[in-house]
Protein chains: 2
Amino acid sequence: MDNRLKLALHDALNAFGLQSSEAKNLFYESGVLRIYPRNAVLFYENAPNELEYLLVEGVLHRYNTDQDGKDITTGFYAGNAIVTPHFSRTVGGRSIFALQALTDIAVAEIPVKVLDQLRYTHPEYRTFGQRVIEAEFSRNLINDIAFRSGTAAYRLELFRKIFPGLENIVPHYHIATYIGVTNVSFSRLRRKK
Amino acid sequence: MDNRLKLALHDALNAFGLQSSEAKNLFYESGVLRIYPRNAVLFYENAPNELEYLLVEGVLHRYNTDQDGKDITTGFYAGNAIVTPHFSRTVGGRSIFALQALTDIAVAEIPVKVLDQLRYTHPEYRTFGQRVIEAEFSRNLINDIAFRSGTAAYRLELFRKIFPGLENIVPHYHIATYIGVTNVSFSRLRRKK
DNA sequence: ATAACTTCTTATCAAATGATAATTGGATTC
DNA sequence: GAATCCAATTATCATTTGATAAGAAGTTAT
């Protein structure tokens, strides 16, 4: 495996609070670093899935297919990012959304059972888990409020703050569904500023 | 405490999978059944909070105050309902939203630490916890998609399915913010059907 | 290099939603 | 019962957003 990516994983673990070499080695024991090409689907909606994902490089999005067969993006993951944890994206062992690479990506995968065990036995992992959860939910709430009381322009502004530069990397129609407008309206919003 | 409510709590515990009398007694040991009048606030945004709540009777809503000082409702709890669990509404020990009674309510309160302990030692509590979490997140996802790809009319329809009759019980302006429209638009949507 | 395809933009028109203000209706208070 | 207050409706107009279609620009395939 690419040495540069090993280093990137090392840095990512640090960034998320797994700083002791003991904690890192525990991760390396069961985690694998994988490469996926652009457009690869890591798992589908309703498919069984038993992994946790740490995105080391590239961009992912989560999406669902609505009644009309259209894909709706409900989240992006960019740079160093923890994908929404297993317990909060799984019902009856099956994923409630699909996860797809929007660029070539490098992602560390670790079985959720292993990570649960680590969280139980190792304080750094406990803190790590707590941090991931809190980030996840406070981010969700901000979006909830933005959709209920903000305009599409405001949501785009928010998106740009949270994911600077992403607009130049991923297809716009994904961003459009993410902020809850058509791709035509999205283009209009871009022109206005 | 009112006998009728004790019975209602008993039924609520059953409904959520705490069926053995052993499981129920464990709950009664540390849980208390409390009455709040309409408009009472159980906890505020940013306030420390260490309880889990099981709504036995009445209606609650969770809300946040946006930049303009307007209150935005991001969820309702009616009838027998588990309030969004502590770990997913708390950052740094402080609540990320406020919880308010919209009718007189009866609610069972139990320290989150106790419930965590029960979940660890008792299989019924483990299943209970799992069920609560899965219900919470799949409901959230449905709303995410409704806001991104549906109209306000569709979200009202969804609200009516999930909370039948609630429209006749709680102030409309709360429902309006919940489905993401002004109260004037809400009134319009009502007239149309 | 050309053709085919996809994404993004632009134009036009219709529909949905917001802002504001006036009005109605039902509670509550005095 | 009159006055007051609050929630909900209605009317009017402006703005935002959607639907559709056509065109532009870039990419991919042959």
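In what follows, chains carry the letters A, B, and so on, assigned in the order in which the sequence lines appear, proteins first and then strands, with residues in each chain numbered from 1. None of the values given here were measured: they were computed from a predicted structure.
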Which atom pairs link the protein and nucleotides 28-30 of chain D when you take only N or O atoms and keep those under 3.5 Å?
none

Any N/O pairs under 3.5 Å between the protein and nucleotides 5-8 of chain D? List them or say none.
unit_1 : atom_1 : unit_2   : atom_2 : d
D:dA7  : OP1    : B:Tyr173 : OH     : 2.9
D:dA8  : OP1    : B:His172 : N      : 3.1
D:dA8  : OP2    : B:His172 : N      : 3.1

Would you tabulate the nitrogen or oxygen pairs shorter than 3.5 Å linking the protein to nucleotides 12-22 of chain D?
unit_1 : atom_1 : unit_2   : atom_2 : d
D:dT17 : OP1    : A:Ala152 : N      : 3.0
D:dG18 : OP2    : A:Thr182 : N      : 3.2
D:dG18 : OP2    : A:Ser185 : OG     : 2.8
D:dG18 : N7     : A:Arg188 : NH2    : 2.7
D:dG18 : O6     : A:Arg188 : NH1    : 3.3

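The shortest side-chain heavy-atom distance between A:Gln67 and B:Tyr154 falls under the 4.5 Å cut-off.
The aromatic rings of B:Phe43 and B:Tyr53 sit tilted, their planes meeting at an angle between 30° and 60°.
Ring centroid separation for the pair A:Phe16 and A:Phe27 does not come in under the 6.0 Å cut-off.
Applying the ring pair (Phe, Tyr, Trp, His ring centres under 6.0 Å) definition to pairs two or more places apart or across chains, those involving residues 91-132 of chain B are A:Tyr120-B:Tyr120, B:His122-B:Tyr125. A side chain to side chain donor-acceptor pair (under 3.5 Å) check over residues 95-113 of chain A, counting only residues at least two apart or in different chains, returns the pairs A:Tyr36-A:Glu109. The side chain to side chain donor-acceptor pair (under 3.5 Å) analysis of residues 135-149 of chain A, with sequence neighbours excluded, yields the pairs A:Thr84-A:Glu136, A:Asn143-A:Tyr178.
Using a cut-off of 4.0 Å between Lys/Arg side-chain N and Asp/Glu carboxylate O, A:Arg119 and A:Glu124 are scored as not salt-bridged. Residues A:Arg4 and A:Glu57 are paired through a salt bridge, judged by an N-O separation under 4.0 Å between the basic side chain and the carboxylate.
Going from atom CD1 of B:Ile179 over to atom C1' of C:dT17 covers 11 Å, rounded to whole Å. With rounding to whole Å, A:Leu156 atom CG is found 15 Å from C:dC8 atom C1'.
Here the straight-line distance linking atom CG of B:Leu9 with atom CG of B:Leu54 works out to 6.5 Å at 0.5 Å rounding.
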Q: Let me see the working for A:Thr177 and A:Lys70 under side-chain contact (heavy atoms from CB on, under 4.5 Å), right down to the final yes or no.
A: CA-CA 9 Å; A:Thr177 66; A:Lys70 279 182 290 191; over 6 Å; no

